[in-house]
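These notes are about the structure you will find just below.
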Amino acid sequence: MIGRAIFLLHFAVFATPVFAISGKLSIVGSDTMASVLTDLSREFQSVHPDVSFEIQGTGSAAAPPALAEGTVNFGAMSRTMSSTELADFRRRRGFEPRGIQVASDDIALIVHPLNPLRQVSRRILDGIFSISQRCGGPRYGLQWSSVFDELGDLPRAEIAGLSIQRYSRTALSGSYGYFRKEVLCGGDLRPQVMELPGFAAIIDAVARSPGAIGYVGAGFVDPRVRVLAISNAGDEPGSGLQPGDTGYPFSRPLYLYLAQAPGRRLSILECAFLEHVAGPMGQAAFTRHGFQSDGLGLTEDVASVCP
Amino acid sequence: MSVPRQRFLQDFLFAGLVRVTSVLIGLLILGMFIQMVLIVRPLFEQPSAVARGSSAGLATHQTESGLQVLDDTGVQLAVTVSTPITLPKRNLQLSLASGPEGISIISESSSATVGTSSRRRLAMPGDLDALSLVTTDEAEQQLLLIFNSGAYRLIKIYADGRLQSGVSGSLPPHRSVLSVPGRQSWILVTEDTLEQVHLRFAQGRGELVPLRTLAIGQGLRHVSQVSPSRRLLVTTRSGSTQLWQLGRPEPATLDMLGSDSTSANWLSPVRFRVHYESVPARDYELRDGVTGVSAARLFLPVQHEGYQEPGYYWQPVAASDGFEAKLSLVPLLIGTLKAALVGLVFAIPVAVGAAVFVGYYLPSRRREQIKPFIELIASFPTVVVAGLVGLWLAPRLTDSLPEILGAVLIIPLAMMAVFGILHRLPRASGRIGSVKIRPLVLLPALVLVLSAGAVFGHWAEQWIFQGSLLMWLPTHGIPVQQLNSLLVGFVLGFAIFPVIFSLAEEAIYEVPAIGATGSIALGATPWRSFQDVVLPVAAPGIVSAVMLGFGRGVGETMIFLLLSGNAPGSDWSLFSGLRSLSATLAIELPEAAVGGQHFQILFLGALLLFILTFVINTCAQLLRQRVIGKGRVRR
């Protein structure tokens, strides 16, 4: 009740008509996209100084409810909306949200540089991270030695006796959802998997402890950790793909969702921002942050919502 | 107005104000409590339905008394055999055909990247007409065939389209099979029960294992499909309708639907249509927010679909459809209590020791100089402490774990040794000068003892733990994480130390000096006088200080969020991480849909946290008031 009152109050205060390219754009959602969106907003502001931005990167799950309530212009999501989220949106707004894929993000598996692993397969990851082993992975013991023993020809590593420390994002992030669904075949993470509130924290934790393994967005990787190659089929050395390679298996789409009622046009401000995102400057920003954005047909998508 | 009268009026108004304020605060707390109870209540309510009009205009879609097999939303594969089954994730098409050898399964890779489409065939014994379900698991790794007789067979699907016959086995004979969202478990419909089976993987091989039996009791007439929120509607022979929530042991009987229904089917996750013998079909909707969670699911071990064994698991959400929520509050409670207890272990000796020294031994002037500085520690925001101290400490703690453990463990040993020696010595030689030079003697001694402990730890690592404690512990079944309970406890101890110190010191200082000075005048040593005269009076105050410190530890959030690792394990090991209630609330509450099951369970956690801290704090306050009262009486 009070929430609704505050929500209505927002309308009374902020719903002022927009005449020129000025006003406020608010984007809520994916933490992965927060930094690139901040960059994009800064570039946009250098062209249109009267526009202010409010960007919240709390996690993809925050986008659908905020979009359904109509409190934001765009919902940034690092996954597609689930059918329950779509159903909830339809129930509250009566139409479908529109998602525009703006880039894709490769999920990189990282370990400490002391770790002799260079390449992993889905099966090994399933064994390390999953409790239900839905990809048919083995059930490893507590120590790295059980992983190394199974793989055979790894150099006898000094970290073999250490506990496997697994790091993940918190359960509400899009990356977690993606990892669970695509890497673990829909299985659950073990209860021992530690959940940290950001990729930077995961990289930090992995860089600090030799027994650690974690997953991060490829754009976040820094030289303190080693990125593992992913082999699609067996465990033969050299068959793995690095993030950014074509055919890299763990690549997920990044979306900007918008609530465009049928027959209604987006505001000039919203369209200007979308065109900026699809333009060369916007694309350069995505590349700079380690995302891939070619071949998505982004310009056509934007043209279809902003004629 | 005369002065006394004015004075009286002022007093009266002031007293009234104080009383009103305290009542208001009480009401505020009560209001928050009631609000939380109201949010949580639907969790434990029986579901009910409200009518949403009759669908009289529609042709009465009467399903015969026979059972109907409905498919899973969207992706479910048809039972009809002739149409090929597409596996979008694997770029494969499967089709089944009758052959001389029995059933042949043909896989055709339709991917352009693989090259020319390749065809593979697998033959297996069986009769195509006796099949009751053909499906894959969610990851499309396994093809599952279930026959009416109860026999089943799993077939592994490789990326290149190769098929390999896997485990086969037998299940109860049944009339039809229902799919549960998530394609990890299925329900076999027999004459009067529903048997849920789940696909479990062990060492790379899947098998179908019975999970639970839904006893209908009165004979089945019709079963609906399983809704995305894992509910199914069962119409019994007597015409009543039961609502089953998978995971709850008991169904809810929806009496408001009448007792001559023939079938009930879902229209949406909350809306359903009921057909009747005599009257036209009617639509109903489940009352909003009633999510039905049994206490057993929250507090007892639960066998989840696809898991190896029952256990306490917290995984309330995942951004995928058909996800079975794991809602055990046990890991969160264990995590919270474990951290608070470890925090107390670190904080109590230091805080109470410092309180005794400052409140009893130190002259008032020195006391007033040092006390504010110790209390200043409380003014550090815990997020800063966690971020700076904790993250700096985390790698160092694990790197020099044996040394630190040695130093921590030697303190009680050293204390016992010192007490033992002092006890045996003649009384005069047991004293170490005046209170002023005592720290000058004791601090170096403490440093010596700690160093000795560290050296001992280092030595023990070399000789007892085969050179590395970090590797010795996991070999013996104890995993060591860098973000572990010791680290959390240590930093938490730092946060609750000033709370305990401040209150315990107050309690000791409040004890009237007359008893202590009197006993010293009669020849007792200061310690003896403290032990026998001051401590008995101050003890309830010290205990209450510890309890308040515990309450503070339980409610702490930022330290947990940054340093505990938030892994929802349910063990009491000091070397593994933990997930506390407060950090879970901080992470998940902002994202939980208001009024949803996850939201309500988080509030149940919040309510437990509130009750825990409220009870602890109230007890501590009562204890404190007793001791303050005692002091006053004596004065």
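Reminder, nothing fancy here: chain letters follow the sequence lines and each chain counts from 1. Heavy atoms only: backbone and side chains are in, while hydrogens, waters and symmetry mates are out.
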Practice problem: Please determine, among B:S564, B:A394, B:A583, B:P568, the option with the most heavy-atom pairs under 4.5 Å with chain A. | Solution: B:P568
Quiz item: Do you know which of B:K326, B:R200, B:K156, B:H304 has the most heavy-atom pairs under 4.5 Å to chain A?
Solution: B:K326
In terms of heavy-atom proximity below 4.5 Å to chain B, should [X] be classed as side chain, backbone, both, or neither?
{"X": "A:A201", "value": "neither"}
{"X": "A:I159", "value": "backbone"}
{"X": "A:Y178", "value": "neither"}
{"X": "A:Q143", "value": "side chain"}

Quiz item: Among side-chain atoms of B:Q184 and A:R134, is any donor-acceptor pair under 3.5 angstrom?
Solution: yes
Quiz item: Between the side chains of A:Q192 and B:S576, does any donor sit under 3.5 Å from an acceptor?
Solution: no
Where [X] and [Y] come nearest, the two heavy atoms and their spacing:
{"X": "A:R208", "Y": "B:L391", "value": "NH1-CD2, 3.8 Å"}
{"X": "A:G161", "Y": "B:P474", "value": "O-CG, 3.5 Å"}
{"X": "B:Q482", "Y": "A:S209", "value": "NE2-CB, 3.2 Å"}
{"X": "A:L142", "Y": "B:I478", "value": "CD1-N, 3.9 Å"}

Quiz item: Do you know which of A:L196, A:L184, A:T170, A:I131 has the most heavy-atom pairs with chain B at a distance under 4.5 angstrom?
Solution: A:I131
Quiz item: Picking from A:A212, A:P138, A:G211, A:C135, which has the most non-hydrogen pairs under 4.5 angstrom with chain B?
Solution: A:C135
Self-check item: Donor-acceptor under 3.5 Å (A:S163 side chain, B:V480 main chain)
Solution: yes
Quiz item: Can you check whether A:M194's main-chain N or O pairs, donor with acceptor, with B:N566's side chain at less than 3.5 Å?
Solution: no
Answer with side chain, backbone, both or neither: which region of [X] has an atom nearer than 4.5 Å to a non-hydrogen atom of chain A?
{"X": "B:Q466", "result": "neither"}
{"X": "B:T398", "result": "neither"}
{"X": "B:Q315", "result": "side chain"}

Self-check item: Separation of B:Y307 OH from A:Q133 CD (nearest 0.5 Å)
Solution: 11.0 Å
Quiz item: Rounded to the nearest 0.5 Å, what separation is found between the CD atom of B:E324 and the OG atom of A:S132?
Solution: 10.0 Å
Exercise. Kindly indicate, with the supporting measurements, whether the criterion side-chain hydrogen bond (donor to acceptor under 3.5 Å, both in side chains) is fulfilled by A:D188 and B:Y313.
Key: CA-CA 10 Å; A:D188 282 340; B:Y313 298 103; over 6 Å; no
